[in-house]
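Here is the structure we will look at, set down as structure tokens.
Just the heavy atoms: all of them, side chains too, but no hydrogens, waters or symmetry mates, feed the values below.
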Amino acid sequence: MKSGIPIARLLETWSQIEESLPAKHPFGLRMRRATSWLQRASDEQDDPDAAFIFCWIAFNAAYGDERVEREHELFNSYFSRILALEHGRTIHRAVWQRFPNPIKAFVANQYVYWRFWEFQDEVDGADDWVDRLEWDVKRVDGAIARQRTNETSAVLKVLFSRLYVLRNQLLHGGATWKSSVNRDQVWDGARIMFFLVPIFVDVMLSNPDEDWGNPRFPVVYDQA
């Protein structure tokens, strides 16, 4: 797996910024957590389950905001901000040129589509999951074919909604470690996350004065 930004370079950038931040600064806490988990993910090149989980923890540390509870609302605003601040177009190229086939495969995979699982659980209104899945596939396939930068955010939102389902499967015990089932999606998910999340963090490190919100579970010191 290859990182979109070398992890060593990311850690060096963070160490330089950390020195200028006051103690208990929310951005400092967010970046300290995110970079630590990316460093841990880099040690798991041969274990996609572990790499994916550690990358997701890093991603959660980066985008999480105690002001917003719904994850998909956070995705929408976070990706829009990251793309607006990222001037090197690395994220755009990753979507259009580096990972187009894994992204299309992810979006088309019913096993990482939440409405498919709602249908299995007999949730009311989920019986249209096939039509909705096909609509997502057509939308993403068309966007990848057009390669317009103003559609990158929409592709990322759909992609990460699928990655979120995979995240739930792994973290909630819905999968077996190193299982022979669904290996392709775990490998692809780990590769995509390990490439993109360091870029997201790098964009944030380049914009420390932006309001990234307050991280969840802030450090609370014993005041007794």
Side-chain angles (χ1 to χ4, degrees), residues 1 34 37-38 41 44 47-65 68-80 82 91 94-95 98-144 151-200 216:
M1 289 181 286
W37 288 108
L38 283 175
E44 300 295 343
D47 188 339
D49 296 281
F52 179 87
I53 289 170
F54 292 138
C55 280
W56 193 278
I57 298 173
F59 176 57
N60 224 140
Y63 83 83
D65 188 338
V68 183
E69 293 185 359
R70 296 183 63 182
E71 298 297 324
H72 295 296
E73 290 181 9
L74 273 172
F75 286 174
N76 293 348
S77 60
Y78 182 74
F79 292 136
S80 296
I82 289 292
I91 299 172
V95 171
R98 186 176 185 87
F99 295 112
N101 291 330
I103 288 173
K104 289 192 287 187
F106 240 96
V107 171
N109 189 331
Q110 65 188 24
Y111 299 112
V112 288
Y113 183 47
W114 65 276
R115 290 190 71 86
F116 167 79
W117 292 110
E118 286 191 335
F119 177 73
Q120 304 307 309
D121 293 336
E122 300 182 350
V123 174
D124 288 342
D127 53 354
D128 64 346
W129 72 270
V130 174
D131 292 336
R132 287 177 175 267
L133 177 62
E134 290 178 352
W135 189 84
D136 275 355
V137 169
K138 290 179 181 178
R139 182 169 56 142
V140 169
D141 285 359
I144 289 177
E151 294 185 277
T152 305
S153 180
V155 173
L156 287 175
K157 292 169 190 174
V158 176
L159 170 64
F160 273 78
S161 72
R162 302 299 199 268
L163 291 168
Y164 188 72
V165 175
L166 178 60
R167 170 257 192 208
N168 287 344
Q169 289 176 342
L170 293 173
L171 292 183
H172 293 286
T176 302
W177 177 56
K178 288 190 174 182
S179 170
S180 60
V181 178
N182 298 328
R183 278 295 86 189
D184 288 344
Q185 67 201 44
V186 175
W187 267 111
D188 283 342
R191 287 173 57 230
I192 292 170
M193 292 289 288
F194 191 64
F195 191 89
L196 288 178
V197 176
I199 300 175
F200 299 160
R216 291 167 176 164

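In plain terms, the two heavy atoms of Gly189 and Leu163 that are nearest each other are CA-CD2, 3.8 Å. Contact detail for Val112 and Arg162: the closest heavy-atom pair is O-CD, 3.0 Å. Considering every non-hydrogen atom in both Val107 and Leu133, the closest pair reads O-CD1, 3.2 Å. When all heavy atoms are compared, the tightest approach of Leu38 to Ala58 is CG-CB, 3.6 Å. Scanning both residues, Ala175 and Leu170, for their nearest heavy atoms gives CB-CD2, 3.9 Å. Here the closest non-hydrogen pair linking Ala51 and Ala41 is O-CB, 4.0 Å.
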Next on the checklist: Would Glu44 and Ile53 count as a side chain to side chain contact (heavy atoms under 4.5 Å, CB included) here? Give the steps.
Outcome noted: CA-CA 10 Å; Glu44 300 295 343; Ile53 289 170; over 6 Å; no
Checklist entry - Run the side chain to side chain contact (heavy atoms under 4.5 Å, CB included) check on Asn109 and Asp184 step by step: do they pass? => result CA-CA 11 Å; Asn109 189 331; Asp184 288 344; over 6 Å; no
Next on the checklist: Under the criterion side chain to side chain contact (heavy atoms under 4.5 Å, CB included), I'd like the reasoning laid out for Asp47 against Trp177: C-alpha separation, chi angles, the key distance, then a yes or no.
Outcome noted: CA-CA 9 Å; Asp47 188 339; Trp177 177 56; 3.0 Å; yes
Checklist entry - Between Met193 and Phe54, is a side chain to side chain contact (heavy atoms under 4.5 Å, CB included) present by the stated rule, with each step listed? => result CA-CA 10 Å; Met193 292 289 288; Phe54 292 138; over 6 Å; no
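Rounding to the nearest 0.5 Å gives a distance of 12.5 Å between SG of Cys55 and CG of Asn60. Distance check: Phe52 CZ to Ile57 CD1 gives 10.5 Å after rounding to the nearest 0.5 Å. The CZ atom of Phe160 sits 9.0 Å away from the CD1 atom of Ile103 when rounded to the nearest 0.5 Å. How far CG of Asp141 is from NZ of Lys138: 10.0 Å, rounded to the nearest 0.5 Å. A distance of 8.5 Å separates CD1 of Ile91 from OG1 of Thr152, quoted to the nearest 0.5 Å.
With sequence neighbours left out, the ring pair (Phe, Tyr, Trp, His ring centres under 6.0 Å) criterion links Trp117 to no other residue. For Tyr78, the side chain to side chain donor-acceptor pair (under 3.5 Å) criterion is met by no residue, not counting sequence neighbours. The ring pair (Phe, Tyr, Trp, His ring centres under 6.0 Å) search around Phe194 returns none, not counting sequence neighbours. For Gln169, the side chain to side chain donor-acceptor pair (under 3.5 Å) test picks out no residue, with sequence neighbours left out. In this view, Asp188 and Arg191 satisfy the salt bridge (Lys or Arg N to Asp or Glu O under 4.0 Å) rule, not counting sequence neighbours. Scored by the ring pair (Phe, Tyr, Trp, His ring centres under 6.0 Å) test, Phe116 finds Tyr111, Trp129 as partners (sequence neighbours excluded).
Contact check for Leu196 versus Phe59: no side-chain heavy atoms found under the 4.5 Å cut-off.
Ring geometry, Tyr164 versus Trp56: the interplanar angle falls from 30° to 60°, so the pair is classed tilted.
A salt bridge is defined here as a Lys NZ or Arg NE, NH1 or NH2 lying under 4.0 Å from an Asp or Glu carboxylate O, and Asp136 with Arg139 meets this definition.
With hydrogens and angles disregarded, a donor-acceptor distance shorter than 3.5 Å links the side chain of Arg115 to the backbone of Gly125.
The distance between the ring centers of Phe200 and Phe79 falls below 6.0 angstrom.
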